[in-house]
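Just so we're on the same page: letters track the sequence lines, and every chain starts at 1.
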Protein chains: 2
Amino acid sequence: MLFAEHGFDAVSMRDITALAKVNLASVNYHFGSKRALLAEVVGSRAHLLVEERLRLLSALRRDKNGRPKLEDVIEAFLRPSLEMSRQPGGADHMRLRARLGVERVGESKAQFEQIFDASNEKIIDALAEALPDHPRAEIYWGFHCLLGIQNYTMANSGRIQHLSRGACDPTDVEATLARIVPFVANGFRALKRKRAAPRPRR
Amino acid sequence: MLFAEHGFDAVSMRDITALAKVNLASVNYHFGSKRALLAEVVGSRAHLLVEERLRLLSALRRDKNGRPKLEDVIEAFLRPSLEMSRQPGGADHMRLRARLGVERVGESKAQFEQIFDASNEKIIDALAEALPDHPRAEIYWGFHCLLGIQNYTMANSGRIQHLSRGACDPTDVEATLARIVPFVANGFRALKRKRAAPRPRR
DNA sequence: GTCTATATAAGGATAGAC
DNA sequence: GTCTATCCTTATATAGAC
């Protein structure tokens, strides 16, 4: 479909169809409802993303112990997300996904779980391989941080461009990877052993 | 106001007023519009958050060179956010803010800039003090990552609870700080010098 | 299959009684 | 100041002609 270019939620079907120059009724004819359209357009792209991640994962270089390099695993996770934002319509798709990822309502949640769970578990396994001395729980904590950074970057709120007066631009894929990958890798390494909880301050 | 307990956007004023047991018309009488209500309820709490951050910032311990410890700065930024989620209605407020932070529309953006810009710049200055050898731009990149982790934690998407089968719970404030603070601190330390951009893979 | 016209519902805001 | 009743707009979805 031509108008699969779009990815909006807070936007009406009238906006979508006007921009895509298709008739309002044809959407319901083909998809049945707005939510179904959303699921279709989000899902189709998300599947491509997952495939690319799995491809990069399976191509990971291994050291003599058969372990992947931590940085490579993180890049395999992040690069497909960030590169998708460069494709036509991709930036909107990413922003939409970042927003839907926050929703508590189960509608798109179930869809995301179905699409992403399997590959996310593979990523987590690869992270655990790269960090053989880390407790599994700490891998999850690190992955939580990685998800947060990924989502915020995809959302492109413009906040850091504003604060840095343009010195820092998260829409530049290579510049972003060059910072986030080492940041996250080093962050993971800090989780090797549980730290004592910081003392509450009064 | 009693119904300042809530923090919703995708929710109607009828829902809000029904839950708060106040009359629908009284909201417009007191606030003028739904957006004004949103701005008021979000803003009042956000100001408290900023005040608490500034309080912690000004109380930072300093080493003999007058530099704060990196971990302390990060905690001064994060702790007020996370602790607010334990107050009544605070979790909803946090989730709402996480959502609004993603919106591109300038309406709440301008408000957030007005509320948060000054204290964020102070945090960034403190980070730069704690990391005297880092280029300023790299401090911004690290702050971007910190913002992302904070937002995602506040949003409480439930994703990591699901993936970890409950082993990891970001609503536990102390457990979360015990992971995020060292993760972010070590992440910042990885940004000391610019890395070469990772080679694109095909 | 694609269009116009419309049914139906929901939400924000307000008028006006009390 | 607070309530009820209502206006007006907008949105999804569909019926039915072509």
Quick one: ring-ring contact (aromatic ring centres under 6.0 Å, His included) partners of B/Y140, sequence neighbours excluded?
none

Taking everything shown except B/Q87 itself, do over 12 heavy atoms lie less than 6.0 Å from its CD?
yes

Salt bridge (Lys or Arg N to Asp or Glu O under 4.0 Å) against A/D169, all qualifying residues, sequence neighbours excluded:
none

So, A/R86 and A/D172, do they make that salt bridge, N to O below 4.0 Å?
no

With a sphere of 6.0 Å drawn around CD of B/E121, does it hold more than 12 non-hydrogen atoms of other residues, nucleotides or ligands?
yes

Check: protein-nucleotides 1-10 of chain D nitrogen or oxygen pairs below 3.5 Å:
| from | atom 1 | to | atom 2 | distance (Å) |
| --- | --- | --- | --- | --- |
| D/dT2 | OP2 | B/H30 | NE2 | 2.9 |
| D/dT4 | OP2 | B/N23 | ND2 | 3.2 |

Could you tell me the separation between the CG atom of B/N28 and the P atom of C/dG11, rounded to a whole number of Å?
14 Å

Rounded off to whole Å, could you give me the CE-to-P distance for the B/M13 and C/dG12 pair?
6 Å

